[in-house]
Protein chains: 2
Amino acid sequence: MSASLTIPDEFLDLMAEKFRMLGDTTRLAILRSLMAGERNVTQVVAETGRGQANVSKHLKLLAEAGLLTRRKEGLQVFYQLSDPVVERLCRLVCETIVESAASEVKRNQSLLVGWSRKP
Amino acid sequence: MSASLTIPDEFLDLMAEKFRMLGDTTRLAILRSLMAGERNVTQVVAETGRGQANVSKHLKLLAEAGLLTRRKEGLQVFYQLSDPVVERLCRLVCETIVESAASEVKRNQSLLVGWSRKP
DNA sequence: CACAAAAATAACTGATCCGGCATATGGTTG
DNA sequence: CAACCATATGCCGGATCAGTTATTTTTGTG
């Protein structure tokens with residue numbers, strides 16, 4: 001019973017930009033790291049296993065896109081998730097991956113059943 | 001009260017691919033057109049105002065990513081949304097855009113109030 | 001002041017991607 | 001078969017982007 005969604009033209013670019021931010025493996029790894037809480041750059045680098053310069057650039061992109069906030073404290077800079085929609089979007093997509101994997105298993109099971117029934 | 005989301009490493013690429021599909025203005029326009037129901041290529045071309053070859057290529061990408069299904073009927077090929085998560089993702093992002101615009105208005109209003117109060 | 005640590009930036013390379021043009025494919029009709 | 005229609009594909013130029021390396025900026029410390 002959900003009303004059909006009609007997206008205004010002016011939204012397309014903004015939406016695409018937000019989705020594009022999530023459309024990169026390294027950035028997703030960074031966001032996942034920040035979903036556990038605030039982190040400084042070194043911590044994110046360690047948790048993602050990516051290069052420091054690379055992480056720094058992606059953090060800047062994400063902050064400019066409004067997904068992160070920056071907090072400076074002495075030598076370190078801490079980043080934090082600022083857009084609650086990120087986690088919800090990731091959750092949704094995660095679920096669909098799990099579901100598609102599940103239906104894949106199901107399909108294979110029925111194949112297996114069919115195979116075992118007529119040998 | 002939502003459990004914290006921990007994304008497995010093997011999911012990152014799949015998630016990124018799905019988000020990347022949504023991270024393009026033309027593809028979003030195509031998806032919006034298909035949210036109203038099944039369409040053939042010519043209809044999508046007309047509704048999006050993009051070139052035919054371009055639309056055809058994006059439709060192929062979206063279908064390969066599992067977001068669309070293809071149905072051939074005579075000369076025409078009809079495409080249809082096959083992944084219900086697309087609409088939910090778009091809805092979520094749309095809402096955040098509206099909200100951020102609303103808070104922008106609010107911010108400007110308070111600026112305006114402050115300005116009108118001390119002339 | 002000299003030095004070290006954390007983060008950002010510049011410059012470069014290679015890959016990817018979008019869009020347009022032209023052309024090919026496949027199916028329909030006369 | 002020829003002409004035509006809807007769609008797909010190959011090729012190209014330009015733009016964007018990710019990752020690495022090296023360097024710089026900023027801040028704290030002895």
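A note on names: the letters A, B, ... follow the listed sequences, proteins ahead of strands, and every chain is numbered from 1. Remember, it's a predicted structure, so these values are computed and weren't measured experimentally. Note that these values count all heavy atoms, side chains included, but never hydrogens, waters or copies made by symmetry.
Every side chain to side chain contact (heavy atoms under 4.5 Å, CB included) that R39(A) has, sequence neighbours left out, goes to S33(A), L34(A), A36(A), Q43(A), V44(A), E47(A). Applying the salt bridge (Lys or Arg N to Asp or Glu O under 4.0 Å) criterion to E99(B), with sequence neighbours excluded, gives no partner residue. Considering only residues two or more places apart in sequence or on other chains, L92(B) meets the side chain to side chain contact (heavy atoms under 4.5 Å, CB included) condition with V85(A), R88(A), L89(A), L92(A), E95(B). By the side-chain hydrogen bond (donor to acceptor under 3.5 Å, both in side chains) test, T26(B) pairs with R50(B), sequence neighbours left out. Evaluation of the side chain to side chain contact (heavy atoms under 4.5 Å, CB included) rule for E104(B) yields R107(B), N108(B) as partners, not counting sequence neighbours. Applying the side chain to side chain contact (heavy atoms under 4.5 Å, CB included) test to I97(A) and every residue at least two apart in sequence or in another chain returns V93(A), F11(B), L14(B), M15(B).
Near DNA chain C, meaning a heavy atom under 4.0 Å from it, residues 24-44 of chain A has N40(A), V41(A), T42(A) in order of number. The stretch residues 71-80 of chain B touches DNA chain C through G74(B), L75(B), each having a heavy atom within less than 4.0 Å of the strand. For DNA chain C, the residues of residues 54-66 of chain A within the heavy-atom distance limit of 4.0 Å (strictly under) are S56(A), K57(A), K60(A), sorted by number.
Atom-to-atom distance recorded for L22(B):CG and R20(A):CZ is 12.0 Å, nearest 0.5 angstrom. Expressed to the nearest 0.5 Å, how far CG of L31(B) lies from CD1 of I7(A) amounts to 8.0 Å. To the nearest 0.5 angstrom, R91(B) atom CZ is 5.0 Å from L5(A) atom CG.
Side-chain atoms of Q52(B) stay outside donor-acceptor range of the base of dA6(D), with no qualifying N/O pair under 3.5 Å.
Side-chain atoms of V86(A) and M21(A), non-hydrogen and from C-beta on, never get closer than 4.5 Å to each other.
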Side-chain donor/acceptor pairs under 3.5 Å, residues 51-70 of chain A, sequence neighbours excluded:
residue	atom	partner	partner atom	Å
N54(A)	OD1	H58(A)	NE2	3.3
H58(A)	ND1	R27(A)	NH1	3.2

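The stretch residues 7-19 of chain A participates, sequence neighbours left out, in these side chain to side chain donor-acceptor pair (under 3.5 Å) pairs: D9(A)-R32(B), D13(A)-T25(B), K18(A)-D83(A).
Heavy-atom contacts of chain A under 4.0 Å fall on DNA chain C between two terminal nucleotides, which in 5' to 3' order are dA5(C) to dA11(C).
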